Amino acid sequence: MQFKQEFLDKLKDAKKIVFFTGAGISAESSIPTFRGKDGIWNKMKPEELANFDAFIRNPDLVWEWYQHRRIIVNTALPNAGHTAIAELEKYYDVSVVTQNIDDLHRRAGSTKIFELHGNIERNFCIECHTFYNSPELEITNTAPKCKKCGGLVRPDVVWFGEMLPQDEFSGGEKAAEWSDICFVVGTSAVVYPAAHIPISAKRSGSYIVEINIEPTELSRYTDYSLFGKAGEILPKIVEEVKKSKS
Ligand code: BV8
Ligand code: ZN
């Protein structure tokens, strides 16, 4: 794969790099995306499941859906895309700003991660806010009850209509604004306010590089679009960095 010289020069001079990632970076770890051909939203609507009212209306149905996804996540492994991002920490100050709840960036070895939409491995009681990691819960297909107060326990993910965790969002946005290069990897960039982050990076002068198998809502903002699989392109970028830094 040939990269354009402007990008190679940016890679050479960069100090701070941000990876803004979505479900597409986990597709090669066999975790279904939301909007792809096998996407989650083809089978059910987000409004029906990924929101608080749906959970209150039918906690067991929503819990079962997340339990189904938790099993997929637990059997999944980080792929070459996740590991390439972790490896770049040897050469740059790298921040990962992810919309994913699958914990794969951490499991791949990335150390600075902003989880904008939570993490499927964490849960909390909606009454007393006691947190439970999944292994602490007796996992069945019905929504568990809090050991302290008997309240309903929900996944610690951000549902539609819910605020994003303030520290994660502002930390991720600041990292993107201060970045020399902001990679946008595997996201359709349709969900806000997360999708705003690469736009504010662009406004702050960051060089925006999109890695996706097809153009997206964000493509018109990017300085460079690399079309292909994240798990194939990211390792090639690591190779270029190793060459230029040796
Ligand atoms: C909020 C966690 C307000 C849960 C998720 C109208 C206009 C604008 C906004 C809105 C609107 N109506 C409502 C809103 C707000 C809403 C929103 O943006 N809706 C959209 C759908 C229009 N946003 C919210 O509700 C947010 N909260 O606004 O609160 C508020 C304000 C004040 C006070 C109170 C409240 C909260 C949104 C968070 C929702 N939670 N996830 C869970 O996972 O179950 S969203 C979920 O979808 C993901 O987290 C992600 O953020 C989002 C998008 O998914 P992607 O990651 O991009 O995945 P997708 O499948 O779409 O795309 C995959 C891409 O990868 C594709 O481009 C594909 O080509 C590419 N790809 C595939 N394979 C590969 C690849 N690329 C590279 N390599 C490959 N191998
Ligand atoms: Zn409780």
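Counting begins at 1 with the first residue of the sequence. Below, all heavy atoms of this structure are taken into account, side chains as well, without hydrogens, waters or symmetry copies. Nothing here was measured: the structure is a model prediction, and the numbers come from that model. Note that ligands are numbered from 1 as they come in the structure, with each ligand's atoms numbered from 1 the same way.
Contact atoms of ligand 1 toward Gly186: 63 (C), 64 (C), 65 (O), 76 (N) (distance under 4.0 Å to a heavy atom of the residue). Which parts of ligand 1 touch Arg35 is read off a 4.0 Å heavy-atom cut-off, strictly below it: atoms 47 (O), 52 (C), 53 (C), 54 (O), 59 (P), 60 (O), 61 (O). Less than 4.0 angstrom separates some heavy atom of Ala23 from each of these atoms of ligand 1: 55 (P), 56 (O), 58 (O). Annotation for ligand 1: atoms under 4.0 Å from non-hydrogen atoms of Gly22 are 56 (O). Which parts of ligand 1 touch Glu214 is read off a 4.0 Å heavy-atom cut-off, strictly below it: atoms 69 (O).
Considering only non-hydrogen protein atoms, atom 28 (O) of ligand 1 sits nearest to Tyr192 O, 3.9 Å. Ranking protein heavy atoms by distance to atom 22 (C) of ligand 1, first place goes to Val190 O, 3.9 Å. Distance from atom 45 (S) of ligand 1 to its nearest protein heavy atom, with residue and atom name: Phe160 CZ, 3.9 Å. Nearest protein neighbour of atom 74 (C) of ligand 1, counting heavy atoms only, is Gly24 O, 3.4 Å. Annotation: atom 52 (C) of ligand 1 to nearest protein heavy atom, Val191 CG2, 3.4 Å. Looking only at heavy atoms of the protein, atom 32 (C) of ligand 1 is closest to Met163 SD, 3.4 Å. Ranking protein heavy atoms by distance to atom 68 (C) of ligand 1, first place goes to Asn212 OD1, 3.5 Å. At the shortest separation from atom 35 (C) of ligand 1 among protein heavy atoms lies Gly161 O, 3.1 Å.
When only interatomic distances are considered, the shortest N/O to N/O separation between Ala50 and ligand 1 does not fall below 3.5 Å. For ligand 1, the polar-atom distance check finds no N/O of Pro193 at less than 3.5 Å from any of the ligand's N/O atoms. Residue Glu162 places at least one N or O, backbone or side chain, under 3.5 Å from an N or O of ligand 1. Considering both main-chain and side-chain atoms, Val157 never comes within under 3.5 Å of ligand 1 through any nitrogen or oxygen pair. Of the polar atoms of Ala230, at least one N or O is found under 3.5 Å from an N or O of ligand 1, judged by distance alone. Distances between N or O atoms of Tyr66 and those of ligand 1 include at least one value under 3.5 Å. For ligand 1, none of its N or O atoms has an N or O atom of Trp159 under 3.5 Å away. Note: no N/O pair closer than 3.5 Å links Lys229 and ligand 1 by distance alone.
Nearest heavy-atom pair, Pro144 versus Leu137, reported as atom, atom and distance to 0.1 Å: CG-CD1, 4.1 Å. Residues Glu89 and Ser110 share a closest heavy-atom pair of OE2-CA, 3.3 Å. Closest heavy-atom contact between Cys146 and Tyr132: SG-OH, 3.1 Å.
Screening Asn74, Asn123, Asn119 against Ser134 for a side chain to side chain donor-acceptor pair (under 3.5 Å) leaves a single residue, Asn123.
When the options Arg69, Glu28, His117 are ranked by their closest heavy atom to atom 42 (C) of ligand 1, first place goes to Arg69. When the options Val158, Ile213, Ile101 are ranked by their closest heavy atom to atom 4 (C) of ligand 1, first place goes to Val158.
Residues Ile181 and Tyr92 have side chains not in contact (no heavy-atom distance under 4.5 Å, counting atoms from C-beta outward). Between Val158 and Leu116, the closest side-chain pair of non-hydrogen atoms is not below 4.5 Å.
Here the straight-line distance linking atom OG1 of Thr130 with atom NZ of Lys148 works out to 4.0 Å at 0.5 Å rounding. Of the inter-residue distances, the one linking Arg203 atom CZ with His196 atom NE2 reads 5.5 Å to the nearest 0.5 angstrom. Thr83 OG1 to Leu88 CG: the interatomic distance, rounded to the nearest 0.5 Å, is 10.5 Å.
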Query raised in the report: Hey, mind stepping through Asp180 and Lys15 against salt bridge (charged side-chain N to carboxylate O under 4.0 Å, His left out) and telling me if it holds?
Result: CA-CA 7 Å; Asp180 301 304; Lys15 299 257 177 315; over 6 Å; no

**Report entry** Working for salt bridge (charged side-chain N to carboxylate O under 4.0 Å, His left out), residues Arg122 and Glu115
**Finding:** CA-CA 12 Å; Arg122 284 193 312 264; Glu115 288 181 322; 3.3 Å; yes

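Note that atom 14 (C) of ligand 1 has no protein non-hydrogen atoms nearby, at separations under 4.0 angstrom. The protein reaches atom 79 (C) of ligand 1 closely, with a heavy atom under 4.0 angstrom from it. For atom 37 (C) of ligand 1, a protein heavy-atom neighbour is present inside the 4.0 Å cut-off. Under the 4.0 angstrom criterion, atom 7 (C) of ligand 1 counts as lacking any protein heavy-atom contact. For atom 11 (C) of ligand 1, no protein heavy-atom neighbour is present inside the 4.0 Å cut-off.
Between SG of Cys149 and SG of Cys128, the angle at the Zn ion (ligand 2) works out to 120°, rounded to 10 degrees. Take the Zn ion (ligand 2) as the corner point: the lines to SG of Cys146 and to SG of Cys125 open at 110°, to the nearest 10 degrees.
Residues Val184 and Val191 fall into different hydrophobic clusters, defined by Ile, Leu, Val, Met, Phe, Trp and Tyr side chains chained together at heavy-atom separations under 4.5 Å.
Using cut-offs of 30° and 60° on the angle between ring planes, the pair Tyr207 and Phe7 is parallel. Between Phe124 and His129, the ring planes lie parallel to each other; the angle is under 30°, not in the 30° to 60° tilted range.
For Ser29 and Asn79, the side-chain atoms include at least one donor-acceptor pair closer than 3.5 Å. Using a 3.5 Å distance cut-off with no hydrogens or angles, the side chains of Ser219 and Ser225 do not pair a donor with an acceptor.
When non-hydrogen atoms are compared, ligand 1 lies under 4.0 Å from the side chain of Ala27 (C-beta onward) but not from its backbone.
The number of heavy-atom neighbours closer than 6.0 Å to NZ of Lys4, taken from other residues, nucleotides and ligands shown, is above 12. Counting heavy atoms of neighbouring residues, nucleotides and ligands inside a 6.0 Å radius, atom CH2 of Trp159 exceeds 12 of them.
Proximity of Ala194 to ligand 1 is not established, as no heavy-atom distance is less than 4.0 Å.
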